[in-house]
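Only one structure is covered here, and it is reproduced in the block below.
Note on naming: letters A, B, ... go to the chains in the order of the sequence lines (proteins, then strands), and numbering restarts at 1 for each one.
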Amino acid sequence: MKLYNTLTKQIDEIEPLNPPQITIYTCGPTVYDYAHIGHWFNYVRMDTLIRTLKANDFNTKWVMNITDVGHLTSDADEGEDKLEKGAKREGKTAWEIADFYTKDFLDGMKQLNMLEPNHIVKATDHIPEQVELIKRLEEKGFTYIISDGVYYETSKFEGYAAFAQLDLDGQEAGARLAINPQKHSPTDFALWKFSPQDSQRDMEWDSPWGKGFPGWHIECSAMSMKYLGETLDIHTGGIDHIPVHHTNEIAQSEAATGKRFANHWMHSNHIMVNGRKISKSLDNSIRLKEVTDRGISPMAVRLHVLESHYRSQSMFNWENLEASQNTLKNFYAWADLQFQSLSSQKLTTNYDEALIAFKEAMSDDLKTPVALTIFSDMTNRIEDLGADSVAISKTVPIIEGLLGIGLSDRPDITGAQKSIIAERETSRADKDWVKSDKLRDQLAKEGIGLRDTAQGPIWFRL
RNA sequence: GGCGCCUUGGCGGAGUAGUUACGCAGCGGUCUGCAAAACCGCGUACACGGGUGCAAAUCCCGUAGGUGCCUCCA
């Protein structure tokens, strides 16, 4: 299996340290607000990576974190903690905010049929591990203390700028310079922030350096190492994390251990809404709830994600989400054929060959649009050319395993419903159109649609 | 200001030198008792200007426009 690697800037073969086991760490959400459609694109893509690894017989060990403390409103380690800010906004404690939006996020994962990570880990549950890691960095001389916290000295880490191909000199005009003159370098980042003197934080802990809370970056390193070891196989996240968060993770992890932190880095590009990026300031974020309120299935969202490549900056709009919903219905109608024996059993496509091509496309840097085209070909012209219900029933779980669009959650119709279809055929043979239409309406009420074809009646769930 | 990326038909989106991608929408038609979310066909797309090639949407240079990061953000 091949995947683009941000570290090497090329498509690399995936070669885990201890095959068939493969370790994956995904940067999860900061739970201070609802997740929006852009977040979901990201996480569905990560889920697709896991599914494809499994299909390639890897034994996946997947960890996703929940950032519930320490993520400030500015990456320059200034501004408010997002959780504390959310708490103020809603008149709750930071703990309540974290709990509420964590639950909402996990619910969204279920709605989108995402696989469950082996571990979902919270930053606040791993304060001691983070403190320990900061201590290791301190012992090795990578830290310094200023009035508001313990900082990492990026200039001591050789190759700090390499991962993101940062031009540090060119950046000095940017906002990171002006803030906090105590920092030795604009790129230095907080490992531990001290609690303010004048106010009481909801979330704070004791540490060797004083009461406070961990910086955002250290949690991912500490938790990744705890659950997956000091070197992991694949680290994933949004493309925006390359210049700061992931650059810092590499710096602090490799400085502490002297080992490569992650061998493979996968980054999901951002999606655009109406040609613009999603941002708080543009107020153009879309929640999963808005999708379902419009009567669109979360599975259509999932299919829509797969219709573009994860490294391209794709467009989201409602028209095309509805297009995905229509396509999904066609796929479902095909899946329903696994229970129906048509008079002809000729296949439109050689499923064995198509499945190989399908899996190859998925395994080639997750070329989901190509894979979908192959799958789509398998579902076409069934009525004219016939369909082999046995072949379809064997194919459904394989496709579903990789795409996760709900193809498998479709049971056969009941015996009573089958009787109605048979009865309607009798009526039709007798040209009793009133009765046959009535029976068709009855089935429609039960969510079953019918198509009369040369192969006989075909049912599908509406 | 620094560092990138992109520009394909109504919308989205593959392809990356020689083959009508595909999906949805639209139009026309077929099948059907009617119906269909079924089938067939159509619109003959690749920002613009140069260059290299037998051949370029696909490679190179330039221009225009858009857009991302550096600053909240997946």
Whole angstrom is fine here: how far is it from CZ in A:Arg461 over to P in B:A36?
23 Å

Shortest non-hydrogen contact between A:Ile421 and A:Pro457, atoms and distance
CG2-CG, 3.9 Å

Polar pair under 3.5 Å, donor/acceptor by atom type, side chain A:Arg440, base B:C34:
yes

Please name the pair of heavy atoms, one in A:Leu366 and one in A:Met1, separated by the smallest distance, quoted to 0.1 Å.
CD2-CE, 4.0 Å

RNA chain B nearest-nucleotide lookup for A:Trp433 and A:His309: closer to the 5′ end is A:His309

Stretch residues 365-374 of chain A: residues that reach within less than 4.0 Å of RNA chain B through a heavy atom:
A:Lys367, A:Val370, A:Thr373

Is there a donor on the side chain of A:Asp240 or the base of B:G68 sitting less than 3.5 Å from an acceptor on the other?
no

Which nucleotide in the list B:G68, B:A74, B:A25 gets nearest to the side chain of A:Asn326?
B:A25

When you measure from the side-chain N and O atoms of A:Ser312 to the phosphate of B:A14, is any distance below 4.0 Å, counting only OP1 and OP2?
yes

N/O (side chain, A:Asn269) to phosphate O (OP1/OP2, B:C6) under 4.0 Å
no

Please check if atom NZ in A:Lys418 has more than 12 non-hydrogen atoms from other residues, nucleotides or ligands closer than 6.0 Å.
yes

Is any side-chain N or O of A:Asn320 under 3.5 Å from a base N or O of B:G23, one able to act as donor and the other as acceptor?
yes

Would the distance check show the side chain of A:Asp68 and the main-chain N or O of A:Thr124 forming a donor-acceptor pair, the cut-off being under 3.5 Å?
yes

